[in-house]
Trainee: 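Dropping a structure here in structure tokens format, bear with me for questions.
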Amino acid sequence: MNSIKPLLDDIINGYRASVNEIIQLLKSTGDEEELIYSTALNLTKELHGNLIYLRGLIEFSNWCTNSCLYCGIRAGATGFKRYRMTQDEIVETAQYIKASNCGTVVLQCGIDPFFTTNVLADIITAIKATTGLAVTLSIGTKSYDDLARLKNAGANRFLLRFESCQQSIFKRIHPDESFEERVECIRNLQKLDYQTGSGFMIGLPGADLKITARDILFTKELELDMIGCGPFIPSPQTPLSDESILDDYSIYYKTMALVRILNPQAHIPAATAFDSLKEDGRDEVIKCGANVFMPNFTPERFKENYKLYPGKSQVDTSTDIYDAVKTRIEDLGRSVSSGVGHALRMS
Ligand code: 5AD
């Protein structure tokens with residue numbers, strides 16, 4: 001009899017695990033570790049079927065006024081070109097995403113004052129009118145009023161990671177922001193009935209198993225529709241460039257599987273940063289509970305400059321991104337969905 005099985009069963013049946021119990025699960029190896037992955041995968045298939053939803057990503061500006069310590073496009077970073085895509089370029093890319101069988105476009109940028117709420121609302125309206133895609137925003141913390149206006153323009157979803165719920169870590173790595181403001185923004189998104197996503201970086205400097213366990217539990221506390229987590233990858237030219245990734249990659253995968261087990265209903269992407277860890281990193285995450293894949297459709301001439309961390313711009317470079325992703329997913333015995341993949345609570 002596997003000793004963690006009763007605990008996993010209890011969690012699935014609604015038991016609120018303690019920090020120490022999550023630490024115990026994170027420490028598991030061998031058969032117990034495998035049981036965590038298989039439990040997460042089975043739960044995913046039970047609730048979400050065999051389908052993987054595609055969200056086409058457009059990184060439309062790499063300008064940023066913030067100086068987050070981990071980020072390769074932080075204010076003042078050099079060695080690459082800053083760019084802004086025009087409204088036409090963004091809308092055309094969204095049309096290409098639609099033609100590539102993806103049901104959702106994700107619009108992501110740095111904290112770029114050029115893209116005011118009015119400008120963003122125009123872009124969202126144009127995308128909606130010409131593609132009907134579900135629109136997800138990943139544009140940093142916004143006020144309640146701005147969020148309301150963007151929602152009125154047609155935005156359906158919003159991603160804002162909390163990055164770390166350990167105050168000392170959050171504060172150190174985000175000189176321009178407070179944890180409370182981020183959480184307030186997440187709560188505002190929920191009030192405005194956005195499909196709301198958040199998550200954290202795994203293995204940030206200073207994060208031990210206890211902190212990781214708390215981050216995992218915090219995803220549940222927030223009652224999220226979408227949960228995006230990925231490994232912290234040290235980026236050159238940032239204050240964290242000399243930090244390291246975790247020696248034991250299994251912590252990344254166990255974390256993803258536990259996030260799934262605690263949040264069976266959530267849409268969970270296999271974050272791009274997993275491919276920076278190892279070539280088939282995103283495949284590993286699909287095997288432990290992710291049900292969403294976010295192919296990067298940023299046009300090549302811009303993509304190489306959206307350098308959040310090393311290796312990022314080298315993903316999804318094939319001429320036919322959809323075909324490559326479809327093959328990758330089908331090789332895992334899963335199929336791609338051309339649906340919008342709204343939050344399960346909405347169906
Ligand atoms: N390593 C891993 N993830 C990173 N992100 C930004 N920089 C890095 C990095 N160096 C992630 C953050 C952010 C998302 C858009 O990209 O979690 O929320």
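For ligands, and for the atoms within them, numbers begin at 1 and follow the listed sequence. None of these values were measured; they are calculated from a predicted model.
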Trainee: Hey, does the side chain of Y194 reach the backbone of L147 with a donor-acceptor pair shorter than 3.5 angstrom?
Mentor: yes

Trainee: Which option, G230, P231, P310, owns the non-hydrogen atom nearest atom 2 (C) of ligand 1?
Mentor: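 When every heavy atom of G230, P231, P310 is considered, P231 comes closest to atom 2 (C) of ligand 1.
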
Trainee: Considering only protein heavy atoms, which is closest to atom 16 (O) of ligand 1, and at what distance to one decimal place?
Mentor: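 In this structure, atom 16 (O) of ligand 1 has L308 CD1, 3.5 Å as its nearest protein heavy atom.
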
Trainee: Report the member of E243, E163, R74, Q108 with the shortest heavy-atom distance to atom 18 (O) of ligand 1.
Mentor: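 Looking at heavy atoms only, E163 sits closest to atom 18 (O) of ligand 1.
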
Trainee: For D248 and S250, run side-chain hydrogen bond (donor to acceptor under 3.5 Å, both in side chains): C-alpha distance rounded to whole Å, both residues' side-chain angles, the deciding distance at 0.1 Å, then the answer.
Mentor: CA-CA 5 Å; D248 177 6; S250 80; 2.7 Å; yes

Trainee: Indicate yes or no for a side-chain donor-acceptor contact from R282 to the backbone of A270 under 3.5 Å, with no hydrogens or angles considered.
Mentor: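 No; zero donor-acceptor contacts below 3.5 Å.
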
Trainee: Are any of the N or O atoms of C71 closer than 3.5 Å to those of ligand 1?
Mentor: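 N/O-N/O distance below 3.5 Å does not exist for this pair.
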
Trainee: Where is the tightest heavy-atom contact between C109 and I139, given as atom of each residue plus distance?
Mentor: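 The answer is SG-CG2, 3.6 Å.
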
Trainee: Looking only at protein heavy atoms, which one is nearest to atom 8 (C) of ligand 1, and how far off is it?
Mentor: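 Here the closest protein heavy atom is Y309 CD2, 3.5 Å.
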
Trainee: Regarding Q167 and E180, is there a side-chain donor-to-acceptor distance under 3.5 Å anywhere?
Mentor: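 Result is yes, a qualifying pair exists.
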
Trainee: Can you tell me which residue and heavy atom of the protein come closest to atom 7 (N) of ligand 1, and the distance to 0.1 Å?
Mentor: Y70 CD1, 3.2 Å

Trainee: So is S235 polar-close to ligand 1, meaning N/O to N/O under 3.5 Å?
Mentor: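 It does not: no N or O of S235 is found under 3.5 Å from an N or O of ligand 1.
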
Trainee: Between S138 and ligand 1, which residue portion shows a heavy-atom distance shorter than 4.0 Å: side chain, backbone, both, or neither?
Mentor: neither

Trainee: Under 4.0 Å from a heavy atom of R161: which atoms of ligand 1 are those, numbered in the order shown and with their elements?
Mentor: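 So the answer, numbered in order with elements, is 11 (C), 12 (C), 17 (O), 18 (O).
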
Trainee: Relative to atom 5 (N) of ligand 1, which among E59, K307, M201 owns the nearest non-hydrogen atom?
Mentor: M201

Trainee: Any donor and acceptor pair, going by atom type alone, linking the side chain of H48 with main-chain N or O of N291 inside 3.5 Å?
Mentor: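 No; zero donor-acceptor contacts below 3.5 Å.
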
Trainee: Looking at ligand 1, is there an atom of it that comes within less than 4.0 Å of some heavy atom belonging to G228?
Mentor: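 Heavy atoms of G228 never come under 4.0 Å of ligand 1.
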
Trainee: Roughly how far, to the nearest 0.5 Å, is the OG atom of S164 from the CZ atom of R214?
Mentor: 10.0 Å

Trainee: Taking only heavy atoms of F232 into account, list the atoms of ligand 1 that are under 4.0 Å away from them.
Mentor: 1 (N), 2 (C)

Trainee: Answer yes or no: is there a side-chain heavy-atom contact under 4.5 Å between T104 and R157?
Mentor: yes

Trainee: Which residue holds the protein heavy atom closest to atom 1 (N) of ligand 1, what is that atom called, and what is the gap in Å?
Mentor: I233 N, 2.9 Å

Trainee: Between the side chains of K128 and N156, is a donor N or O closer than 3.5 angstrom to an acceptor N or O?
Mentor: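 Looking only at side-chain atoms, N156 and K128 do form a donor-acceptor pair, the distance falling under 3.5 Å.
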
